Amino acid sequence: MMKLNWRQILIHFLAAFSLMLSFNILAFLINVPLFEKTIYKNSDTSIDPNLMQTDVLSFAYKTAIIGTVGLIVAFIISLVISLKNKWGWINSVLILITIYVIGFLGIRGEMIKGFTFSIFNKISSNISLVLFASGLILFLFSLILFFSKTLKRFIIK
């Protein structure tokens, strides 16, 4: 039976979005110097003209692909949990479509910047450490949301 479960949609949306963001943030560790020169730059500075266009495009492509892999992993986890508990697969599909649209609109990038650098930049000036810590925290948060027995009981109510 296809029944919308708004509690599951809310919890799994937060978990899936967090997992996708964690994959995106951890993907920036591929090339931290390039990350610093492009994404993490101050608004009053321009992008370094010495950067190779192919490097920037390759970096953008890799991070986008890794973020998409994070979304697919989150969808599969949500779908397996939904089918195992007989909650209906439509909830997972709705979450996938919603997060994809949010990513398409570009909201994801601003959330990454806001979460990562407003919180952790005050703790450390090491960009690699900030990226790793914020990606790991989001990853663990998403796993807690997906697999918490307390939240499962909340969804079933």
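Here the structure is a predicted model, which means the values were calculated and not measured.
Follow the hydrophobic side-chain contacts under 4.5 Å out from Phe154 and you reach Leu14 in the same cluster. Hydrophobic clustering (ILVMFWY, side-chain heavy atoms < 4.5 Å, transitive): Trp89 and Ile99 are in one cluster. When hydrophobic clusters are built by joining Ile, Leu, Val, Met, Phe, Trp and Tyr residues whose side-chain heavy atoms come closer than 4.5 Å, directly or via intermediates, Leu29 is grouped together with Phe35. Criterion: ILVMFWY side-chain heavy atoms under 4.5 Å apart, direct or through other members. Under it, Val73 and Ile97 are part of a common hydrophobic cluster. Linking ILVMFWY side-chain heavy atoms closer than 4.5 Å, directly or via other members, places Leu57 and Ile65 in two distinct hydrophobic clusters.
A distance of 10.0 Å separates CG in Leu94 from CZ in Phe13, rounded to the nearest 0.5 Å. From Leu71, atom CG reaches atom CZ of Phe23 across 10.5 Å, with rounding to the nearest 0.5 Å. Distance check: Lys62 NZ to Leu34 CG gives 10.0 Å after rounding to the nearest 0.5 Å. Atom-to-atom distance recorded for Ile77:CD1 and Ser142:OG is 7.0 Å, nearest 0.5 angstrom. Taken from CZ in Phe17 to CD1 in Ile95, the straight-line distance is 13.0 Å, to the nearest 0.5 Å. Rounded to the nearest 0.5 angstrom, Leu145 CG and Ile11 CD1 are separated by 6.0 Å.
Between Val32 and Ser128, the shortest heavy-atom contact is CG2-OG, 3.5 Å. Of all heavy-atom pairs between Ile25 and Gly135, the closest is CG2-N, 3.8 Å. Nearest heavy-atom pair, Leu96 versus Phe75, reported as atom, atom and distance to 0.1 Å: CB-CD1, 3.7 Å. When every heavy atom of Ile30 is checked against every heavy atom of Ile66, the shortest pair comes out as CD1-CD1, 3.5 Å. Contact detail for Leu19 and Ser22: the closest heavy-atom pair is O-OG, 2.7 Å. When all heavy atoms are compared, the tightest approach of Ser18 to Phe141 is OG-CD2, 3.3 Å.
Checked by atom type and distance alone, the side chain of Arg7 never pairs as donor or acceptor with a backbone atom of Ile156 at under 3.5 Å. When atom types are taken as modelled, the side chain of Thr63 and the backbone of Asn24 share no donor-acceptor pair closer than 3.5 angstrom. Although no hydrogens or angles enter the test, the distance criterion places no donor-acceptor pair under 3.5 Å between the side chain of Asn85 and the main chain of Trp87.
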Item to check | side chain to side chain contact (heavy atoms under 4.5 Å, CB included) between Trp6 and Leu10, worked out | outcome: CA-CA 6 Å; Trp6 294 107; Leu10 175 66; over 6 Å; no
Next on the checklist: The test is side chain to side chain contact (heavy atoms under 4.5 Å, CB included); show your working for Leu79 and Leu83 and say whether it passes.
Outcome noted: CA-CA 6 Å; Leu79 187 62; Leu83 294 175; 4.1 Å; yes
Next on the checklist: Does Leu4 form a side chain to side chain contact (heavy atoms under 4.5 Å, CB included) with Ile9? I'd like the steps, not just the answer.
Outcome noted: CA-CA 8 Å; Leu4 290 179; Ile9 291 171; 4.1 Å; yes
Item to check | Pair Ser92-Gln8, side chain to side chain contact (heavy atoms under 4.5 Å, CB included): steps then yes or no | outcome: CA-CA 9 Å; Ser92 298; Gln8 180 202 358; 4.2 Å; yes
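Under the 30°/60° scheme for interplanar angles, the aromatic rings of His12 and Phe146 are found to stand perpendicular.
Checking each of Leu136, Leu138, Ile137 against Leu140 for a side chain to side chain contact (heavy atoms under 4.5 Å, CB included) leaves exactly one that passes, namely Leu136.
Between Leu26 and Leu131 there is no side-chain heavy-atom pair separated by less than 4.5 Å.
Other residues, nucleotides and ligands contribute more than 12 heavy atoms inside 6.0 Å of the CZ atom of Phe147.
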